Trainee: 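After the structure tokens below, expect a handful of questions from me.
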Amino acid sequence: MMRAMIAQCKAELLRTFRNKRFFVFSMIMPAVFYFIFSSTVGDNTDVGGAVWKAYYLMSMTVFGVVGACVNTLSIKFAQERTQGWLRMIEITPLPSSAYVLSKIVSQSIINLVTILFMFLLGSVVKGVDLSMAQWIGCGLWIWFGALPFMALGLLIGTLKSVEVTQVVAQLIFMGTSILGGLWFPTQAMPKIMQDIAFYIPTFRYGQGAWNLISGAGLSYTGLLILAGYGLIFVVLSSYIIQKQKAV
């Protein structure tokens with residue numbers, strides 16, 4: 001089973017790295033936005049106790065990882081489901097749990113590539129200066145904090161067709177990125193939008209990294225809200241997948 005799962009992971013990685021959508025939403029777009037907006041506002045402007053170029057680096061890294069989980073993962077899953085790939089998996093020795101686990105493992109590797117790419121970009125090109133503990137802490141937070149968004153990607157991938165999945169994934173990705181303060185800080189938003197951002201998972205995801213670079217520490221409220229979203233997404237996606245199998 002382990003050998004089959006490793007082979008499945010390799011296949012997932014190859015498919016993703018050949019996918020232009022992955023590079024656009026997870027690397028090119030975050031990098032372009034980072035250079036445009038960090039230069040426009042001013043690299044060393046103070047935002048939430050951190051310099052803007054470091055603060056926005058975390059925002060765009062989170063943005064890239066969410067894009068990979070919500071856009072790339074959901075569309076791949078929808079394509080495999082509509083093409084009957086899941087039914088074929090069921091008649092092979094590879095258990096369904098191993099198939100899902102291979103998705104999670106391969107997506108985690110992809111997310112790690114995005115994180116390293118953005119961190120190197122910020123450090124080498126923009127001169128973002130953080131301690132080793134901050135780099136590692138932020139990297140680990142963004143890496144593990146992506147789990148709820150992987151579950152969201154699988155949930156979106158259960159929709160009726162690939163076309164519908166693409167539209168919904170894009171709307172959710174862009175909508176939660178803007179409302180969650182990834183494009184611009186919530187401090188610059190109207191009061192009502194700040195109140196809405198409090199409950200948006202992308203805000204809580206980004207908040208962890210922002211707090212780590214400003215020295216504020218992780219928010220337990222944010223952790224609980226993000227974990228709650230993850231649990232809801234897992235339960236819903238599992239229920240829908242089982243129901244679709246039964247049909």
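Since we're looking at a predicted model, the values are computed, not measured.
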Trainee: Can you confirm whether more than 12 heavy atoms, excluding those of Asp129, are under 6.0 Å from its CG atom?
Mentor: no
Trainee: Where do Met58 and Ile142 come nearest, in terms of heavy atoms and distance?
Mentor: SD-CD1, 4.2 Å
Trainee: Using side-chain contact (heavy atoms from CB on, under 4.5 Å) as the criterion, list what pairs up with Ser161, not counting sequence neighbours.
Mentor: Glu163, Val164
Trainee: Can you name the residues that form a side-chain contact (heavy atoms from CB on, under 4.5 Å) with Phe184, not counting sequence neighbours?
Mentor: Ile178, Met189
Trainee: What pairs with Phe144 under side-chain contact (heavy atoms from CB on, under 4.5 Å), at least two apart in sequence or on another chain?
Mentor: Leu140
Trainee: Other hydrophobic cluster members with Val167, side-chain heavy atoms of Ile/Leu/Val/Met/Phe/Trp/Tyr under 4.5 Å, chained?
Mentor: Leu171
Trainee: Over 60° means perpendicular and under 30° means parallel, so tell me whether Trp210 and Tyr55 are parallel, tilted or perpendicular.
Mentor: parallel
Trainee: What residues, two or more places apart in sequence or in another chain, satisfy side-chain contact (heavy atoms from CB on, under 4.5 Å) together with Thr158?
Mentor: Phe77, Leu155, Ile240, Ile241, Gln244
Trainee: Run the side chain to side chain contact (heavy atoms under 4.5 Å, CB included) check on Cys138 and Ile213 step by step: do they pass?
Mentor: CA-CA 8 Å; Cys138 290; Ile213 62 172; 3.5 Å; yes
Trainee: Can Ile192 be reached from Leu179 by stepping across I, L, V, M, F, W or Y side chains whose heavy atoms are under 4.5 Å apart?
Mentor: yes
Trainee: Do the ring planes of Phe37 and Tyr56 sit parallel (below 30°), tilted (30 to 60°) or perpendicular (above 60°)?
Mentor: perpendicular
Trainee: Ignoring hydrogens and angles, write down the donor-acceptor pairs under 3.5 Å from the side chains of residues 215-230, residues two or more places apart or on other chains.
Mentor:
{"residue": "Ser219", "atom": "OG", "partner": "Thr221", "partner atom": "N", "Å": "3.4"}
{"residue": "Ser219", "atom": "OG", "partner": "Gly222", "partner atom": "N", "Å": "3.1"}
{"residue": "Tyr229", "atom": "OH", "partner": "Tyr199", "partner atom": "O", "Å": "2.5"}

